[in-house]
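Structure first, commentary second.
Atoms within a ligand are numbered from 1 in the order they appear, just like the ligands themselves.
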Amino acid sequence: MGSLEDLIPTVNKLQDVMYDSGIDTLDLPILAVVGSQSSGKSSILETLVGRDFLPRGTGIVTRRPLVLQLNNISPTSPLIKENPDLIMSRNNASASQVNLNGLANNNLSSSSIDESNQVTNGGSNATQIRPDEWGEFLHIPGRRFYDFSEIRREIENETARIAGKNKGISKIPINLKIFSPHVLNLTLVDLPGITKVPIGEQPPDIEKQIKNLILDYVATPNCIILAVSPANVDLVNSESLKLAREVDPHGVRTIGVITKLDLMDSGTNALDILSGKMYPLKLGFVGVVNRSQQDIQLNKTVEEALEKEDEYFNRHPVYRTISHRCGTRYLAKLLNQTLISHIKEKLPDIKTRLNTLVSQTEQELSQYGDVGDINKENRAGLVLQLMNKFATTFISSIDGTSSEISTKELSGGARIYYIYNSIFGNTLKSIDPTTNLTVMDIRTAIRNSTGPRPTLFVPELAFDLLVKPQIKLLLEPSQQCVELVYEELVKICHKCGTPELSRYPKLKIKLIEVVSELLRERLLPTRSYVESLIDIHRAYINTNHPNFLTATDAMSEIIQNRKVKQESQRKQALLNQERKEKEDERQFSGSQISKLDNESNLDDSDQDDASKSKDTFLNYFFGKEKNSTMSLPNNDNNKFTSHPFRDDVSSQFQQLNFTNGASGHEDAFEHANEPTLTEREDLECELIRRLIVSYFDIVREMIQDQIPKAIMCLLVNFCKDTVQNRLVTELYRESMFEELLVEDQTLAQDRETAMKSLEVYKKASTLIGNIL
Ligand code: GDP
Ligand code: MG
């Protein structure tokens with residue numbers, strides 16, 4: 001058979017493995033025949049394919065493009081065996097042969113077929129039916145045509161259906177797939193012939209229409225153009241070469257085919273053309289002799305035609321010298337070479353891709369682990385190894401030394417650090433130390449702490465009483481911090497599954513369970529330690545803390561503030577008055593102005609009293625900046641002289657000059673049920689409030705420092721240090737190994753697929769190595 005069989009074994013194998021591997025960049029060129037009508041295009045294709053199936057004859061036969069996809073199947077392909085059509089076809093084979101031949105005879109213009117010839121030649125002239133060769137049309141899905149003459153009839157019918165029975169042409173292609181072990185996976189296109197003169201009902205622009213149709217196929221650089229010119233027409237007028245030159249100006253993908261050499265006028269020959277002297281084409285010209293109309297009518301087979309063709313060239317007085325470069329067999333060889341060089345061009349790239357695939361798949365496989373891993377001898381070792389890896393990943397995630405560090409979000413240790421510094425820190429910062437503590441609360445506390453007995457001092461007890469519950473405000477954010485770190489650790493633990501571990505889902509679940517349990521266990525001690533820590537801070541209020549605001553400073557601040565406030569109030573009042581004055585000037589007498597003067601004088605005297613009293617008063621408060629030069633005030637009401645705090649404060653308040661008349665504690669006590677504060681009370685409250693803020697800040701700072709340390713010690717580090725041991729005691733048991741090492745089913749399947757792919761890639765790689 002004069003087909004492309006030389007290439008078939010290698011290229012098809014290659015295409016097979018490539019198809020399996022999912023890379024199909026071999027991208028074989030399509031082969032299109034271009035030429036004027038009846039130049040022999042269909043004849044060439046048929047001979048190349050090796051089977052008779054194309055409508056042929058004089059006149060316009062090919063009126064729609066025929067896209068012929070050849071599909072190589074292996075002789076053992078299940079496609080062949082499983083087909084029920086085949087049995088039917090086989091059973092009907094002899095009958096259909098007779099019928100079809102009869103029909104074919106009727107269809108042919110000449111009825112000169114010798115029936116006895118058919119019989120004597122056995123099956124060779126009859127339509128051959130091979131179980132492994134069939135055609136399928138795109139427009140008749142699912143139906144297999146084993147009888148190639150039936151294929152021809154279907155092409156004819158389908159041509160007529162779309163393009164009409166007359167001479168009409170249609171752009172719509174007929175798609176035919178041929179399945180056979182004897183073909184190369186290649187696409188061939190049979191095209192309508194170039195025509196100059198419209199015939200029958202053809203439109204006047206038929207030449208243009210056909211030309212555009214042909215260009216659709218041949219313009220793609222991946223198309224090899226078989227430019228057919230009949231030898232009995234002057235090459236100068238060759239329409240096919242003209243058209244080919246338009247899309248392939250350098251003649252690199254055009255093969256010139258000279259047909260009908262047998263029909264040249266005697267005495268003339270095409271030697272000049274065939275030897276490339278007339279027209280430059282890289283791939284050259286090939287002369288062929290196809291079956292004549294008569295040969296067709298005589299049912300001459302492809303093989304017979306090829307034999308005859310060879311004979312023609314070998315015996316020809318002129319062509320004899322170049323006979324090795326003539327004929328359809330040589331054309332097939334030339335196509336082979338062209339395809340091979342095309343493939344070779346593509347191979348290095350494919351090889352690179354294959355190599356990548358091989359290493360990728362090998363890596364994938366290594367992740368799945370070896371099937372032989374899970375035998376009795378190494379189960380223990382495997383569990384231990386996976387367990388250790390899990391523990392190591394857990395630890396390194398916390399330490400931030402994990403290799404898989406996310407760039408998208410904070411994770412592991414960094415996230416814990418963030419919890420401490422940003423979340424916890426900011427929450428603490430946002431606490432208002434005197435929240436829910438109204439001035440009235442403070443006053444009530446002050447009053448209650450003095451008991452029924454009236455006192456003259458700001459009671460330390462009141463400060464103590466008030467500051468303790470405020471420290472408790474730190475508890476909730478601290479517990480929240482514990483919670484957040486705990487949650488992060490749980491998250492880390494869930495993310496610790498190494499790729500190897502995904503193979504054993506049960507083990508993975510158990511590992512997570514055990515670590516989660518460990519974390520849960522540590523939650524309580526950590527929480528209660530945090531609670532204790534807050535309790536500890538509430539247990540003793542250390543007013544001696546070096547950072548604690550001194551009463552002196554507190555008081556001076558208050559007074560300073562008041563001064564500023566009063567000053568601005570005074571200025572505001574003045575401004576208001578000035579405005580009022582201006583208005584008044586227009587309407588009233590000047591008597592009001594003198595009234596205003598008196599009021600402002602009063603304000604000034606208040607101010608002076610307050611600033612004068614401040615120094616002496618503050619030095620006694622809380623006994624912090626005890627001034628030895630300060631003499632204890634001699635006061636009858638002072639019963640606790642041994643206590644500097646009370647003594648100092650009481651004396652201070654005695655020295656204060658309260659302008660609003662409420663100058664003593666007795667007055668304040670008397671007004672207990674009144675909502676308004678005396679100035680003294682107001683001052684006391686403000687002082688206590690400031691001291692609470694100052695003390696709270698000290699505790700807050702300590703808590704911010706101590707809580708993370710406690711969490712690290714009791715939760716994070718504890719778990720880090722004990723995780724490995726815990727896993728071993730919980731899971732490293734002979735009785736559990738089997739259950740733990742049950743392999744994930746999907747993974748087992750994936751591994752199988754990967755193994756198969758790897759085999760394919762390696763095979764393809766070897767094949768390519770052989771071709772290159
Ligand atoms: P197409 O229209 O280009 O497809 O040409 P066909 O392949 O249908 O051939 C047209 C006619 O020319 C048919 O009758 C063929 O038998 C005949 N023919 C094609 N090639 C040759 C050839 O090389 N020699 C002879 N004698 N006849 C040929
Ligand atoms: Mg044709």
Side-chain angles (χ1 to χ4, degrees), residues 2 31-49 51-68 107-110 112-113 151-152 155-156 158-160 163 167 169-170 173-174 176 188-196 199 206 210 213-214 217-218 225-233 238-241 243-244 256-266 269-270 273-274 285-302 304-313 316 319 326-331:
L31 211 68
V33 280
V34 176
S36 53
Q37 265 165 33
S38 293
S39 55
K41 301 180 295 296
S42 298
S43 302
I44 293 167
L45 279 186
E46 219 169 37
T47 325
L48 285 174
V49 174
R51 294 287 311 248
D52 293 295
F53 64 98
L54 292 176
R56 265 175 297 120
T58 48
I60 309 161
V61 180
T62 310
R63 295 186 289 126
R64 284 176 68 182
L66 178 76
V67 178
L68 183 65
N107 281 352
L108 292 168
S109 50
S110 158
S112 66
I113 284 184
I151 292 178
R152 174 184 295 141
I155 294 172
E156 283 167 356
E158 183 55 22
T159 302
K167 313 286 178 199
I169 301 264
S170 170
I174 296 173
L176 171 63
L188 312 172
V189 187
D190 192 15
L191 291 164
I194 305 161
T195 185
K196 288 267 157 198
I199 327 165
I206 186 78
I210 294 177
L213 188 157
I214 295 171
Y217 291 90
V218 298
I225 306 165
L226 292 184
V228 181
S229 315
N232 52 0
V233 177
S238 170
E239 294 297 331
S240 64
L241 288 175
L243 204 140
V257 183
I258 306 296
T259 56
K260 304 190 180 181
L261 287 173
D262 59 320
L263 296 184
M264 281 184 92
D265 289 344
S266 55
N269 63 65
I273 301 170
L274 296 179
F285 280 86
V286 182
V288 299
V289 175
N290 292 317
R291 284 172 292 180
S292 67
Q293 186 64 25
Q294 205 195 5
D295 292 335
I296 291 158
Q297 280 158 356
L298 287 170
N299 268 346
K300 196 171 268 180
T301 62
V302 173
E304 284 169 328
L306 285 169
E307 286 307 312
K308 207 185 140 196
E309 191 189 21
D310 281 349
E311 217 177 281
Y312 173 86
F313 286 111
H316 196 276
Y319 301 135
C326 291
T328 315
R329 283 199 168 117
Y330 172 71
L331 178 62

- Task: Angle at the Mg ion (ligand 2): provide the value between OG of Ser42 and OG1 of Thr62, rounding to 10 degrees.
- Result: 90°
- Note on the structure: Of all heavy-atom pairs linking Gly287 and Phe313, the shortest is O-CZ, 3.3 Å
- Query: So which bit of Leu263 gets within less than 4.0 Å of ligand 1, heavy atoms only: side chain, backbone, both or neither?
  - Reply: side chain
- In terms of residue, atom name and distance, what is the protein heavy atom nearest to atom 7 (O) of ligand 1? Ser43 OG, 2.5 Å
- Any N or O of Gly40 that comes nearer than 3.5 Å to an N or O of ligand 1? yes
- Note on the structure: atom 8 (O) of ligand 1: closest protein heavy atom, distance to 0.1 Å, is Arg56 CG, 3.5 Å
- Message: Out of Arg291, Lys260, Gln37, Gln293, who is nearest to atom 12 (O) of ligand 1 when you count heavy atoms only?
- Response: Lys260
- Taking all non-hydrogen atoms of both residues into account, name the closest pair between Gly327 and Glu309 and its distance. CA-OE2, 3.3 Å
- Please state which protein non-hydrogen atom is closest to atom 11 (C) of ligand 1 and give its distance, to 0.1 Å? Gly57 O, 4.1 Å
- Can a salt bridge be assigned to the pair Asp52 and Arg291 using a cut-off of 4.0 Å between side-chain N and carboxylate O? yes
- Item | Contact check: Asp190 vs ligand 1, nitrogen or oxygen atoms, below 3.5 angstrom | no
- Query: Quick one: does Asp262 get a heavy atom under 4.0 Å from ligand 1?
  - Reply: yes
- Have a look at Leu261 and tell me which of Asn290, Leu274, Val288 forms a side chain to side chain contact (heavy atoms under 4.5 Å, CB included) with it. Leu274
- Query: Can you name the closest pair of heavy atoms from Pro192 and Ile214 and give their distance?
  - Reply: O-CD1, 3.8 Å
- Task: Starting from atom 2 (O) of ligand 1, find the nearest protein heavy-atom neighbour and note its residue, name and distance.
- Result: Ser38 N, 2.9 Å
- Closest protein heavy atom (residue, atom, distance) for atom 27 (N) of ligand 1: Ser292 CA, 3.4 Å
- Contact between Ser39 and ligand 1, counting heavy atoms under 4.0 Å? yes
- Item | Where ligand 1 meets Val289 - atom numbers and elements under 4.0 angstrom, heavy-atom basis | 23 (O)
- Task: Answer yes when Arg329 and Glu307 have at least one side-chain N-carboxylate O distance shorter than 4.0 Å, and no when they do not.
- Result: yes
- Message: Measuring from atom CD1 of Ile194 to atom CD1 of Ile206, what distance do you get when rounded to the nearest 0.5 angstrom?
- Response: 12.5 Å
- Any atoms of ligand 1 less than 4.0 Å from a non-hydrogen atom of Ile296? List them with their elements. 16 (O)
- Task: Just go through Thr328, Thr47, Asn290 and tell me whose heavy atom is the nearest to atom 20 (N) of ligand 1.
- Result: Asn290
- Message: One pair to check against side-chain hydrogen bond (donor to acceptor under 3.5 Å, both in side chains): Asp190 and Ser42. What are the steps and the verdict?
- Response: CA-CA 6 Å; Asp190 192 15; Ser42 298; 2.7 Å; yes
- Rounded to the nearest 0.5 Å, how far apart are CD1 of Ile44 and CG of Leu226? 6.5 Å
- Based purely on interatomic distance, does Thr62 place a nitrogen or oxygen under 3.5 Å from a nitrogen or oxygen of ligand 1? no
- Task: Please report the shortest heavy-atom distance between Tyr319 and Ala270, naming the atom on each side.
- Result: OH-N, 2.8 Å
